[in-house]
Protein chains: 4
Amino acid sequence: MMSESDRADQMGDATREKLRQFIARIERLDAEKAELTTDIREVYSEVKSFGFDTKVLRKIISLRKQDVNERAEQEALLDLYMDALED
Amino acid sequence: MMSESDRADQMGDATREKLRQFIARIERLDAEKAELTTDIREVYSEVKSFGFDTKVLRKIISLRKQDVNERAEQEALLDLYMDALED
Amino acid sequence: MMSESDRADQMGDATREKLRQFIARIERLDAEKAELTTDIREVYSEVKSFGFDTKVLRKIISLRKQDVNERAEQEALLDLYMDALED
Amino acid sequence: MMSESDRADQMGDATREKLRQFIARIERLDAEKAELTTDIREVYSEVKSFGFDTKVLRKIISLRKQDVNERAEQEALLDLYMDALED
DNA sequence: GTTTACCAATACACGC
DNA sequence: GCGTGTATTGGTAAAC
């Protein structure tokens, strides 16, 4: 039979504990993320009940997000130009 | 020139306001979700710095999630049986 | 020893041949794709030799592509509106 | 109003033209690459229609590619030896 | 070797 | 409820 100490040969107790902590942190964050996904789904349900077309609304929100990203990238490009001009 | 009332012909002010609120709520939740995504990525960075293999860790968490799902299904099945027995 | 006919028990000769053809076609296309990847890398090398900042150029090309996609999505949203108004 | 010559202060016409050419070449190659991606996807669709498991086929092709890479390494090693023998 | 970008695979939402 | 189409996620490859 394999004892606790044998297992420890492969990975120190401190390391094992650290691994457990990492897993716990990630799973906690994943759970919070899943909750938000549920919340969002519920809002879309409300939207539908209210009579709005969810597909259209999803597209609108998607486009608004793209616009924000686009602006951020334009900024990034500007920064790149600035950096390039410093040489 | 197009007046405010012309716009209102297409969609009532109250409806427009409601739509804005829905968009605001969803975008707020999306933003929180994005933050969590960032947080998770940062934890994985720590994991890597610590010397763990992130690919393996991702696999572990994925497997544990599957187990959780299976357990949830078992629970659901149990509830079904319990309900059936109450009839 | 396993004969040819034994193998054929598992997959008909015609089917085996068909499989080989699919693999050949895909690998041919993959090879062409890899060549293009090489070609593109070479152009970026030229770009660098010429004195342009490749990072900037990559960003520019990325933004141009996004603009095209963005326009396509705007069209899609318009189509959604049209569909919604038909009701 | 800003004249053509003002623009030229920042980047010579020849340089601008060169830049346009680089962008055109890269975008042309990108487009061809995208076509091949589409072609490959279509072949996989055929594969599926034919009754093969695409996931398995992808794995097969991936393994064959690895073998090719290994063979390429062998070739490179051989070249190294050949060069060494010429000295 | 780190990070980013792409691509396939899965999960989810909607309409029939 | 099923099948389609879309959004997210996970894995892979390339760039710096």
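These figures come from a predicted structure and were not determined experimentally. Reckoned from all heavy atoms, side chains included, excluding hydrogens, waters and symmetry mates.
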First of A:T54 and A:E73 reached from the 5' end of DNA chain E, by closest nucleotide: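 Its nearest nucleotide being more 5', the pick is A:E73.
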
Atom-to-atom span, [atom1] of [X] to [atom2] of [N] - whole angstrom:
{"X": "B:D30", "N": "F:dT8", "atom1": "CG", "atom2": "P", "value": "7 Å"}
{"X": "B:F52", "N": "E:dT2", "atom1": "CZ", "atom2": "P", "value": "16 Å"}
{"X": "A:L80", "N": "E:dT4", "atom1": "CG", "atom2": "P", "value": "13 Å"}
{"X": "A:I61", "N": "F:dT8", "atom1": "CD1", "atom2": "C1'", "value": "16 Å"}
{"X": "A:D53", "N": "F:dT6", "atom1": "CG", "atom2": "P", "value": "14 Å"}
{"X": "B:N69", "N": "E:dA11", "atom1": "CG", "atom2": "C1'", "value": "11 Å"}
{"X": "B:L63", "N": "F:dG11", "atom1": "CG", "atom2": "C1'", "value": "15 Å"}
{"X": "D:I40", "N": "E:dA9", "atom1": "CD1", "atom2": "P", "value": "13 Å"}

Partners passing side-chain contact (heavy atoms from CB on, under 4.5 Å) against A:S62 (at least two apart in sequence or in another chain):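 For A:S62, the residues satisfying side-chain contact (heavy atoms from CB on, under 4.5 Å) (neighbours in sequence not counted) are A:Q66, C:E73.
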
Which residue lies more 5' along DNA chain F, comparing C:K55 with A:K65 via nearest heavy atoms: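 Its nearest nucleotide being more 5', the pick is A:K65.
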
Cluster check A:V68, A:L77: I/L/V/M/F/W/Y, side chain < 4.5 angstrom: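 No; tracing contacts between hydrophobic side chains, which count when under 4.5 Å, never links both residues.
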
Distance-only donor-acceptor hits, side chain of residues 30-43 of chain B, under 3.5 Å, sequence neighbours excluded:
{"residue": "B:T37", "atom": "OG1", "partner": "B:K33", "partner atom": "O", "Å": "3.1"}
{"residue": "B:T38", "atom": "OG1", "partner": "B:A34", "partner atom": "O", "Å": "3.1"}

Side-chain heavy-atom pair A:D53, C:Y81 within 4.5 angstrom cut-off: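 No - every pair of side-chain heavy atoms lies 4.5 Å or more apart.
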
Side chain of D:R41 - closest among F:dC16, E:dA8, F:dA14: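 Nucleotide nearest to D:R41's side chain: E:dA8.
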
Options E:dA8, F:dT9, E:dC14, nucleotide nearest the side-chain atoms of A:R58: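 Taking heavy atoms from C-beta onward, the closest nucleotide is E:dC14.
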
Given A:E27, A:R25, A:R20, the one that forms side chain to side chain contact (heavy atoms under 4.5 Å, CB included) with A:I23: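 Exactly one option meets the side chain to side chain contact (heavy atoms under 4.5 Å, CB included) with A:I23, and it is A:E27.
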
Sugar-phosphate, base or nothing in reach of [X], heavy atoms under 4.0 Å:
{"X": "C:S62", "result": "nothing"}
{"X": "A:K33", "result": "sugar-phosphate"}
{"X": "C:K48", "result": "nothing"}

